[in-house]
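Comments concern the structure below.
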Amino acid sequence: MEAHTDSSVLSVIGQEDLVGGLQVLHDGAWRDVAPGAPGTLLVNLGDMARAISGDAWRSVRHRVAASRGAGARLSLCYFAFPRDVAVIACDGSRYRPFTHAEFREQVKADIKATGSKIGLERFLRH
Ligand SMILES: O=C(O)CCC(=O)C(=O)O
Ligand SMILES: [Fe+2]
């Protein structure tokens with residue numbers, strides 16, 4: 001899975017594998033996230049948490065780089081999203097207020113046009 005930030009408010013990832021492969025970008029370097037003990041849940045902040053907090057919380061860029069022949073990898077993800085009509089706004093934020101539906105449509109359009117998600121940058125105030 002290529003590098004991305006989640007679009008959610010938060011994501012809960014249950015990794016039932018012992019293979020690993022999840023990596024997060026930290027200080028410009030990809031770091032492995034070691035698989036936890038069985039039953040470990042990993043919580044990831046998404047773009048909506050970032051926007052609602054005015055960048056106080058960050059949506060970490062991550063990817064899955066499972067190596068060939070490492071065995072089966074199973075992960076279950078739960079993504080919590082705002083309702084479509086929810087207005088995502090924060091006083092003093094770099095982002096203009098937008099609805100979740102607007103964000104979703106913009107991501108869809110950007111993926112169609114460029115092959116990848118652009119995300120919150122699209123909503124920067126000018
Ligand atoms: O499988 C994983 O560990 C993460 C998957 C992921 O990043 C996603 O589905 O957004
Ligand atoms: Fe993700």
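First listed ligand is number 1; within each ligand, the first listed atom is number 1. Quick note: numbers below take in every heavy atom, side chains included, and nothing from hydrogens, waters or symmetry partners.
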Minimum-distance protein heavy atom relative to atom 6 (C) of ligand 1: Met1 SD, 3.4 Å

Correct closest heavy-atom pair for Ser8 and Ser11 would be OG-OG, 2.9 Å

Close approach of His4 to ligand 1, heavy atoms, under 4.0 angstrom: yes

With a heavy-atom distance limit of 4.0 Å, tell me whether Val64 approaches ligand 1 through its side chain, its backbone, both, or neither. side chain

of all protein heavy atoms, closest to atom 3 (O) of ligand 1 is Arg73 NH2, 2.8 Å

Report the part of Asp6 in contact with ligand 1, treating N, CA, C, O as backbone and CB onward as side chain, heavy atoms under 4.0 Å; options are side chain, backbone, both, neither. side chain

Mutual orientation of the aromatic rings belonging to Phe81 and Phe79 [parallel < 30°, tilted 30-60°, perpendicular > 60°]: tilted

Taking 4.0 angstrom as the limit, do Arg96 and Glu102 come out as a salt bridge? yes

Among all protein heavy atoms in this structure, tell me which lies nearest to atom 1 (O) of ligand 1, with the distance rounded to 0.1 Å. Ser75 OG, 2.6 Å

Any idea which N/O/S atom from Asp6 gets closest to the Fe ion (ligand 2)? OD1

Find out if a path of hydrophobic residues (ILVMFWY) with successive side-chain heavy-atom gaps under 4.5 Å connects Val33 to Leu41. no

Tell me the contacting part of His62 for ligand 1: side chain, backbone, both, or neither, using a 4.0 Å heavy-atom threshold, strictly below. side chain

Tell me which protein heavy atom sits closest to atom 9 (O) of ligand 1, plus the residue, atom name and distance to 0.1 Å. Phe79 CZ, 3.5 Å

Counting only N and O atoms by type, is there a donor-acceptor contact under 3.5 Å from the side chain of Arg63 to the main-chain atoms of Val24? no

Which residue, Arg58, Lys117, Arg50, forms the side chain to side chain donor-acceptor pair (under 3.5 Å) with Thr5? Lys117

For the residue pair Met1 and His4, what are the closest heavy atoms and their distance? SD-CE1, 3.3 Å

Of all the atoms in Cys77, is at least one N, O or S atom closer to the Fe ion (ligand 2) than 2.8 Å? no

